[in-house]
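Any value given below was found using the heavy atoms of this structure, including those in side chains, with hydrogens, waters and symmetry copies removed.
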Amino acid sequence: CPFHVNDGAVPGFKVYVGGRWGKKTAHGHALSKIFTSEEEVLDVVEKAILLFRDRGQAGERFADTIARIGFDEAERILLSDELLERKEEILAD
């Protein structure tokens, strides 16, 4: 930037969940946190997979799971570590 507006900026990642394409589309919702490392992004992706495994119903799409449990609840879960603490239990089912 020639005006040096971004000189002190830290690059980050915005993660959206609950979107989908196809016959029935849905816009994803952005999580409120801006992730500053690739490791944080990969952690939230792992948590999203665990959330779908734990709360998803047979034949349900991820967007429908997010809509059913509510975005606020999904965000609360994804930004906490409770799914990682229960990872072995979730994957064992």
Side-chain angles (χ1 to χ4, degrees):
C1 173
F3 302 106
H4 306 286
V5 174
N6 294 328
D7 288 349
V10 176
F13 304 91
K14 197 73 175 159
V15 176
Y16 290 77
V17 296
R20 75 178 195 193
W21 290 98
K23 184 177 178 181
K24 186 176 174 187
T25 61
H27 289 280
H29 299 279
L31 297 177
S32 60
K33 180 178 180 180
I34 295 177
F35 300 92
T36 56
S37 72
E38 290 180 17
E39 291 83 20
E40 286 182 312
V41 174
L42 292 175
D43 281 347
V44 81
V45 169
E46 181 179 14
K47 291 176 192 178
I49 292 168
L50 290 170
L51 173 65
F52 188 48
R53 174 84 186 229
D54 187 44
R55 298 276 189 101
Q57 297 175 349
E60 184 175 53
R61 304 274 304 262
F62 187 59
D64 296 328
T65 302
I66 297 295
R68 182 173 45 79
I69 68 173
F71 174 74
D72 291 337
E73 175 67 5
E75 180 178 42
R76 183 193 67 75
I77 293 168
L78 292 174
L79 296 180
S80 73
D81 287 333
E82 68 183 68
L83 288 171
L84 293 177
E85 293 167 359
R86 297 180 33 236
K87 181 178 178 177
E88 296 301 322
E89 171 193 334
I90 293 168
L91 294 178
D93 291 337

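Counting heavy atoms from C-beta outward, Ile49 and Phe62 have side chains that stay 4.5 Å or more apart. For the pair Val45 and Val15, the minimum side-chain heavy-atom distance is 4.5 Å or more. The shortest distance between side-chain heavy atoms of Lys24 and Asp64 falls below 4.5 Å. Arg20 places none of its side-chain heavy atoms less than 4.5 Å from the side chain of His27.
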| message | Run Lys87 and Glu82 through salt bridge (Lys or Arg N to Asp or Glu O under 4.0 Å) and show every step you take. | response | CA-CA 9 Å; Lys87 181 178 178 177; Glu82 68 183 68; over 6 Å; no

| request: Give the C-alpha distance, both sets of side-chain angles, the deciding distance and a yes or no for salt bridge (Lys or Arg N to Asp or Glu O under 4.0 Å) between Arg68 and Glu60. | output: CA-CA 10 Å; Arg68 182 173 45 79; Glu60 184 175 53; 2.9 Å; yes

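Within the 3.5 Å criterion, the main-chain N or O of Ile77 finds a donor-acceptor partner in the side chain of Ser80. Of the possible polar contacts, one joining the Lys14 side chain to the Leu31 backbone as a donor-acceptor pair under 3.5 Å is found.
Nearest heavy atoms, Ala26 versus Ala63: CB-CB, 4.4 Å. Scanning both residues, Gly18 and Ile66, for their nearest heavy atoms gives CA-CG1, 4.0 Å. Heavy atoms only, all atoms of each residue included: Lys47 and Leu83 are closest at O-CD1, 3.3 Å.
Residues meeting the salt bridge (Lys or Arg N to Asp or Glu O under 4.0 Å) test with Arg61, sequence neighbours left out: none.
Other residues, nucleotides and ligands contribute only 12 or fewer heavy atoms inside 6.0 Å of the CD1 atom of Ile34.
Side-chain contact annotation: Glu75 with Ser32, donor-acceptor N/O pair under 3.5 Å present.
Separating the CG atom in Leu42 from the CZ atom in Phe35 is a distance of 11.0 Å, to the nearest 0.5 Å.
Between Phe13 and the choices Glu40, Lys33, Glu38, the side chain to side chain contact (heavy atoms under 4.5 Å, CB included) rule is met once, by Glu38.
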